[in-house]
Every structure is written in structure tokens, then in C-alpha cells.
Amino acid sequence: MYNRYMTNISTWSLTGGPVDRGLEVLAEVDVLVVGAGAAGVAAAVVAAEAGKSVLVVEKYGFAGGAAVAGMSGTICGMYLASDADREPRQVVAGFTERFRGELAARGGLTAPQVYGKTWTVAHDPLVWREVADDLLEGAGVTVLYHTAVAAVVLDGDTHRGVVVESNAGRAVVLAARTIDASGDAAVVARAGHRYTFGDNGAIQNPTMFFRLGNVDVERFLEFYGEDTICPPYVTEEILRARGAGLDLPRQKIWIFTTPRPGELLVNATRLAGRDGRMLNVIDPADFTEAEILGRRQVRSYARFLIDRIPGCENAFVVDTGVEAGIRQTRTIAGIERLSNEDVLAARKREDGICRVPWPIELHAGDRPKLSWLLDDYYEVPYGALVPERGEGVIVAGRCLSAEHEALASARVTAQCFEYGHAAAVATVMSLDKGLPYRGLDGREIRSAMAAGGSALSLS
């Protein structure tokens, strides 16, 4: 059991019930960050560099979230899409650019790769973890890996911290402010605040990424082409292989080169239940089914590539994601909601805290559906990060308040870095001014982010 120090928490509640007085207090901090994915790392580093005491709890033994554990493998959302301009134009900076630059400096990032009408970059997940460790340690953040949130400590409707659980047992972390960067709205949900699942309960399909090694990349690219989205003749080959009995449910696949020689990153699988239903990975039974089916599909797609795609004849599967790649779970009910129309109209906002040029990218059925934003971007409002109920808590990451199609654009990695950046700036303001998150002016947060390097106008 943890053995630190106690404080009087007997008048508070534990997600609806009285606090177990036997739980010891592990730490008291200004800022608790739950989750060390892109959003969590950004939030923790920015808040700590502003002089706040920060503790991060992360269920895995490394930072990275979906980018590393799920091996999504790319930093999507930095570049404009265009039919006319065939050179990448980066429109997202801030913490996103800081992390991108660190990856590139260590040889852990590719040059921009064509993705349909836009570009993306692929990273080495090991280097990702190392960059995150160094940034967190350099900022003075306390990190607890192998630690999960079991419950939330509430004082009425005000968040006072969480109960964490690890092999050492259970303990309480108390915090003046909590940033829920779990991706799944783990804190918000455990506090009983409102959230939704996708489109009337239907969420986007998870996937199982994998890396293929010992590839003759030059020969592969001569056949496949420069676009990471597969050409029609590869789709035709998939359909033929499917007809021959291979388990290849998705016929439009994406393949990226990686920073490592002779290696490809493959996004090909489509994970649905054995009965055809969409899987909700919040449910451990569904998550388990996704993992098992995903690993089997990886073998089928690897066999397809080895048998039918030039350059892959002697290839082998290097690894899969630690977990299935998760695109969507819970979406909070925020004080504002990013709408589908905001995206389609490329709406700019005075309180916008992040630019998003990424298309609406819906994963359902045998091929992803892409709706492009050409030569433009929209901005996410600050209020999409603030839950409609609960004091002292803000979210960062893919669980922001958004309609289903809007989230399919807004959820990607570059934006998650900036949501964490915004949540940290708001948290520092909230602490310094003694104001609740919903009492802050989003325009001030935008200005502070712009002054700190984000690609946001100061007006």
C-alpha cells in the first residue's frame, strides 16, 4: 500500500459515495493530468513550465496513447489539403511543432508524405516515448506510469482529485485542477457528468496497425505510388484476394514509410464484431474481441502484401499496436459543441484554440469516407474542452465536445497536442485568477497560445 501523508478528506465524496478513510493521500498538486498521450504530454509540460506542480498518471509504462500504444504512427492534421498546391503547407504550430521538431532532430520522423489531398508524417514510436520522457522530466513533471484512475474525489460538484490504482494498491491524488486527457473521458465519466457515444451509440471502427519489416521500399513505392492511400489497382488486388478466401474486410488501405529503413506502417484492418456490429472498446468484452480479431487480420493483410505487392516478398510483421487503435469512445457534453457545420463551413472563431485542416474521416464499412477541406481550416472553440457540469476539470484530446462527423476530423494527433496546450493555458489562468474554467474568456486563452507559438492570430 502507498505510505505517504494524510489530509482531511472525510467530508468529500468518492464519485457518489463517501471517501474511504483508509485511503492514503499520495500527493497534493496544482494540476493532475490523467493520460500521457499527445494531449496529456502537452498539458503537463506547458503547465509545469508555467511554474505549477504537475502529476501525470498513465495506465501504460510509457507515454504516447493512441500514437504509440495504438501505433497510429502519424502526426496528422498539420497541413492544408489542396487540389492545386502540391507542396505541404503547415498551419498548426505551438506544442505540435515543438514535439515534431524534437522527433525530427532525433531521426524519429519522416518527411511529409502524400495522404490523398494533404500530407502527414510518420514517427518512430520508440523515439516518441523518449521525446515525451525527456520533455516531461525536463519540465519537472512527476509521472506515475502503470497507474490508472479508479474513482473521482468530489466536494459537491467540484473535482478535488482522483483515486488511483496500481500494483501498490489504491491511494488518493488531490489536485486543485484536473485535466482529463485520457481520451476516453475517464474522469468526466466517473464523476457522473454527461457524455455520448458517437452517432446514437455507433462509434468509428477501431483498427490494428502493424509494421512490416524487410521491405524493398524502393520497389514497393515504384508499384504503389507516392500516395499513402492505396491506388485503385491495389484495391482490385484486395478484392481478388478476398474472393480467394483471405480475411480482408477493408479494401481501401493506407501504407506509410517510416523513419526506419526497410519498414512500412500499415493501416488496413477493420475491426467489427463477429456478428457484424460496431465494437465499443469501452466495454472490455468488445475491446478483447477487437484485439483478437485485429491480430488475426494483421496476418491476413501481411500475407496479402507478401504474396501480391512488389517489394514485400521477403517481408515479415515486426509488431502490432500494444492495443487496437481507438478512434472514438466517449464524447463529453461541453459548454460548447463543435458542430458538423462548423467543420464544413471552415468557421473561424475569436475563441478558437486550435486550427484543424484535416478532413472528416469516418471509418465505417469496407472503406473510409473522406470529406476534404480544401485550402482552408476551421477552429475549435475553447468551450468544447469544458464540461457542462463540474468545477475544476477540463478535457484535452479526442473526447472533446463535438458532433460525430466533426469529431472524425478534430480527433487527430496534431490537434490533440494543441488541445493539451490549450487546457494547460486555461488551467494556469484558472489557478492564477481564481476563476472556474467556464469563467475564463476563450479569447485570452487564444492570445496566450498565440504568444506562446501557436499558429493563431493575435486579433
Side-chain angles (χ1 to χ4, degrees), residues 37-39 42 65-67 70 72-83 85-97 99-100 109-110 112-123 183 198 204-205 207 209 227-229 252 254 256 265 267 325-328 331 338-349 352-364 367-381 384-385 396-422 454-456:
S72 64
T74 58
I75 302 179
C76 298
M78 290 194 294
Y79 303 103
L80 287 178
S82 181
D83 275 333
D85 191 343
R86 300 316 298 161
E87 292 295 326
R89 287 184 288 159
Q90 186 172 339
V91 294
V92 178
F95 197 90
T96 303
E97 173 56 22
F99 203 94
R100 186 212 66 78
L109 197 71
T110 68
Q113 301 182 52
V114 177
Y115 175 89
K117 298 175 186 291
T118 188
W119 288 262
T120 190
V121 291
H123 62 79
Q204 295 187 73
N205 296 119
T207 190
F209 285 80
D227 195 337
T228 56
I229 300 175
K252 198 74 172 176
W254 304 333
F256 310 87
L265 173 70
N267 178 355
I326 301 169
R327 297 184 172 98
Q328 180 181 25
T331 300
L338 179 70
S339 71
N340 299 337
E341 180 57 29
D342 290 336
V343 175
L344 295 173
R347 184 182 178 194
K348 314 299 187 297
R349 307 183 53 112
I353 47 82
C354 181
R355 293 175 172 179
V356 189
W358 196 248
I360 294 175
E361 178 194 311
L362 278 172
H363 289 260
R367 57 186 298 160
K369 299 175 177 64
L370 294 171
S371 300
W372 296 98
L373 307 173
L374 297 178
D375 303 299
D376 210 345
Y377 58 85
Y378 62 93
E379 294 178 342
V380 175
L385 306 181
R398 67 171 183 256
C399 59
L400 77 158
S401 179
E403 286 192 82
H404 182 58
E405 289 81 4
L407 185 68
S409 166
R411 64 176 177 79
V412 291
T413 305
Q415 281 61 48
C416 285
F417 278 126
E418 288 305 283
Y419 302 147
H421 185 176
S454 286
L456 297 166

Flag side-chain contact, heavy atom, 4.5 Å: [X] against [Y]:
| X | Y | value |
| --- | --- | --- |
| Ser409 | Tyr378 | yes |
| Ile360 | Leu344 | yes |
| His123 | Ile75 | yes |
| Arg86 | Val114 | yes |
| Arg100 | Leu109 | yes |
| Pro357 | Leu373 | no |

CA sep, side-chain torsions, deciding dist, call: Gln415, Cys76, side chain to side chain contact (heavy atoms under 4.5 Å, CB included): CA-CA 8 Å; Gln415 281 61 48; Cys76 298; over 6 Å; no
Between [X] (side chain) and [Y] (backbone), is there a donor-acceptor pair under 3.5 Å?
| X | Y | result |
| --- | --- | --- |
| Glu418 | Thr96 | yes |
| Gln90 | Val92 | yes |
| Asp342 | Arg347 | no |
| Thr110 | Val121 | no |
| Thr228 | Trp254 | no |
| Gln113 | Trp119 | no |

Verdict with supporting geometry, Thr331 and Cys399, side chain to side chain contact (heavy atoms under 4.5 Å, CB included): CA-CA 4 Å; Thr331 300; Cys399 59; 6.0 Å; no
Between Tyr115 and Thr74, a side-chain donor and acceptor under 3.5 Å: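 There is no such pair (donor and acceptor under 3.5 Å, judged by atom type) between the side chains of Tyr115 and Thr74.
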Lys NZ or Arg CZ of Lys117 over Tyr79 ring: under 6.0 Å, within 45°: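 Cation-pi check for Lys117 and Tyr79: fails.
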Residue pair Val380, Arg355: steps toward the side chain to side chain contact (heavy atoms under 4.5 Å, CB included) verdict: CA-CA 7 Å; Val380 175; Arg355 293 175 172 179; over 6 Å; no
Side chain to side chain contact (heavy atoms under 4.5 Å, CB included) evaluation trace for Lys252 with Ile229: CA-CA 7 Å; Lys252 198 74 172 176; Ile229 300 175; 3.6 Å; yes
Pair Asp376 + Lys348: basic N to acidic O under 4.0 Å: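 Lys348 and Asp376: salt-bridged.
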